[in-house]
Amino acid sequence: MTSRRTRDRLIARLREQGIKDETVLDVVRDTPRHIFIDEALAHRAYEDTALPIGYNQTISQPYSVARMTELLLAAGPLTSVLEVGTGSGYQTSVLAQLVGNVFSVERIKPLQDKARKRLQLLKLHNAQLMHTDGGMGWPSKAPFEGIMVTAAPEEVPAELMNQLAINGRLIIPVGGRSQELKLIIRTSEDSFTTEVVEGAKFVPLLSGTVR
């Protein structure tokens, strides 16, 4: 279930779906996705599908993880990235292997506690986690060269756009039942460009925190 062949099949599928960044593909292949989900679902860890992790949340589909990571890194290496929605910690761990520092926020404390243990197990010490309302980001660590949001708000939170560095990239699914994955680039202090990349399907970005 966790064999090299199983992981290679997943990577072949991601390539077929258009993922081109070989560095991203290597990290997805080498990251043990099975440790980020409950043991009962571990046999499905390398399927290209989202899986439940409790609290009405999911571990993202590997395609979504690879696609959003590829988009984030498309303009070159990043030293400071904000992730909104730590969840299981899987996307966090992929990012931590590819960027300088990851600052990840999560509103559900039990999920964050599990994610922290998994990141420690993988010896990924460049990811900092905070329990907070995700839509507010992490202002004290801003500005960020990249921001990735792994849950969908109805509209892009202004707080997150304000925390983006000039030339910074924000990858975010937006919408209700019908969602679009958007790439927003901050071109100056008060101007942004927005590109709709493709359709998306994420859990909603909710406000407030859960202990």
Side-chain angles (χ1 to χ4, degrees), residues 27 31-39 41 45 50-61 64-65 68-69 72 78-165 168-174 176 179 181 184 200-211:
V27 169
T31 301
R33 191 172 185 247
H34 60 280
I35 74 167
F36 293 91
I37 54 180
D38 290 339
E39 210 171 317
L41 290 170
L51 295 167
I53 56 171
Y55 299 89
N56 294 316
Q57 303 299 300
T58 60
I59 182 173
S60 292
Q61 178 186 4
S64 298
V65 170
M68 292 172 76
T69 304
L72 198 72
L78 304 176
T79 58
S80 179
V81 169
L82 170 68
E83 179 193 29
V84 177
T86 313
S88 67
Y90 175 61
Q91 174 73 79
T92 321
S93 71
V94 169
L95 285 172
Q97 296 172 74
L98 291 163
V99 307
N101 293 284
V102 182
F103 300 92
S104 186
V105 297
E106 172 58 56
R107 60 183 290 272
I108 302 171
K109 187 73 163 57
L111 289 182
Q112 185 189 60
D113 291 341
K114 284 184 182 179
R116 181 175 277 111
K117 288 176 183 172
R118 291 161 178 152
L119 291 164
Q120 289 169 348
L121 182 68
L122 295 175
K123 297 181 169 57
L124 295 171
H125 304 302
N126 60 329
Q128 294 184 42
L129 309 185
M130 181 168 69
H131 179 231
T132 187
D133 186 322
M136 302 302 168
W138 198 330
S140 65
K141 301 293 185 182
F144 300 100
E145 296 167 346
I147 299 177
M148 182 185 292
V149 184
T150 60
E154 293 281 352
E155 296 178 351
V156 181
E159 292 89 348
L160 298 184
M161 294 178 74
N162 290 337
Q163 290 172 41
L164 203 57
R169 302 167 74 83
L170 166 60
I171 313 293
I172 182 169
V174 182
Q179 297 175 7
L181 184 64
I184 298 169
K201 189 175 183 182
F202 284 79
V203 296
L205 181 68
L206 302 176
S207 60
T209 58
V210 176
R211 291 204 164 271

TODO: For residues P157 and I172, report the shortest heavy-atom separation together with the two atoms involved.
DONE: CD-CD1, 3.9 Å
Task: Rounded distance (nearest 0.5 Å) linking atom CG of L119 with atom OG1 of T86 - done: 8.5 Å
Task: Candidate pair Y55 and V203, rule side chain to side chain contact (heavy atoms under 4.5 Å, CB included), full reasoning - done: CA-CA 11 Å; Y55 299 89; V203 296; over 6 Å; no
- [ ] Taking the side chain as every heavy atom from C-beta outward, state whether P139 and N162 have any atom pair closer than 4.5 Å.
- [x] no
TODO: Considering non-hydrogen atoms only, spot the tightest contact between S80 and P143 and give its length.
DONE: OG-O, 4.2 Å
Open item on the list: Working to the nearest 0.5 angstrom, can you tell me the gap between R116 CZ and T92 OG1?
Closed with: 11.0 Å
Task: Side-chain (E106) to main-chain (L129) donor-acceptor, under 3.5 angstrom - done: no
Task: Test item: T209 and K109 side chains (from C-beta on) under 4.5 Å apart, heavy atoms - done: no
Open item on the list: For S88, run the side chain to side chain contact (heavy atoms under 4.5 Å, CB included) check against R118, R33, Q57 and tell me which one passes.
Closed with: R118
Open item on the list: Between T79 and E145, is there a side-chain donor-acceptor contact under 3.5 Å, judged purely by atom types and distance?
Closed with: yes
Open item on the list: Measuring from atom NZ of K123 to atom OG of S93, what distance do you get when rounded to the nearest 0.5 angstrom?
Closed with: 14.5 Å
Open item on the list: Check whether E83 reaches the backbone of M148 with its side chain - one donor and one acceptor, N or O, closer than 3.5 Å.
Closed with: no
- [ ] Write down the atom of G54, the atom of L111, and the distance for their closest heavy-atom approach.
- [x] O-CD1, 4.4 Å
- [ ] Starting at OG1 of T69, measure out to CG of L98 and round the result to the nearest 0.5 Å.
- [x] 7.0 Å
Task: Closest non-hydrogen atom pair, M68 against V149 - done: CE-O, 3.2 Å
- [ ] Please assess T31 against Y90 for the test side chain to side chain contact (heavy atoms under 4.5 Å, CB included), listing each intermediate value before the final yes or no.
- [x] CA-CA 8 Å; T31 301; Y90 175 61; 3.8 Å; yes
Task: Salt bridge D113-K117, side-chain N to carboxylate O under 4.0 Å - done: no
Open item on the list: side chain to side chain contact (heavy atoms under 4.5 Å, CB included) for M161 and L170? Distances and angles first, verdict last.
Closed with: CA-CA 8 Å; M161 294 178 74; L170 166 60; 4.1 Å; yes
Open item on the list: So, taking the atom named NE2 in H131 and the one named CZ in R211, what distance separates them when rounded to the nearest 0.5 Å?
Closed with: 5.5 Å
Open item on the list: Measuring only between side-chain heavy atoms, which start at C-beta, is L122 closer than 4.5 Å to P32?
Closed with: yes
Open item on the list: For a quick check under 3.5 Å, do S104 and Q112 share a side-chain donor-acceptor pair by atom type?
Closed with: no
Task: Heavy-atom check, side chain of D133 versus side chain of R107, under 4.5 Å - done: no
Open item on the list: Over 60° means perpendicular and under 30° means parallel, so tell me whether F103 and F144 are parallel, tilted or perpendicular.
Closed with: tilted
Task: Residues K141, M130; criterion side chain to side chain contact (heavy atoms under 4.5 Å, CB included); working and verdict - done: CA-CA 11 Å; K141 301 293 185 182; M130 181 168 69; over 6 Å; no
Task: Minimum heavy-atom distance between F202 and A152, given as atom pair plus value - done: CB-N, 4.1 Å
TODO: Please confirm whether the backbone N or O of V99 pairs with a side-chain atom of N126, one donor and one acceptor, at under 3.5 Å?
DONE: yes
Open item on the list: Please find the pair of heavy atoms, one from S60 and one from V65, that lie closest to each other, and give the distance.
Closed with: CB-CG2, 3.7 Å
TODO: Would you check if the side chain of T150 reaches a backbone N or O of V84 as a donor-acceptor pair within less than 3.5 Å?
DONE: yes
Open item on the list: Check whether H34 reaches the backbone of E39 with its side chain - one donor and one acceptor, N or O, closer than 3.5 Å.
Closed with: no
Open item on the list: Return the CG to CD1 distance between L164 and I147, rounded to the nearest 0.5 Å.
Closed with: 4.5 Å
Task: Test item: L72 and L95 side chains (from C-beta on) under 4.5 Å apart, heavy atoms - done: yes
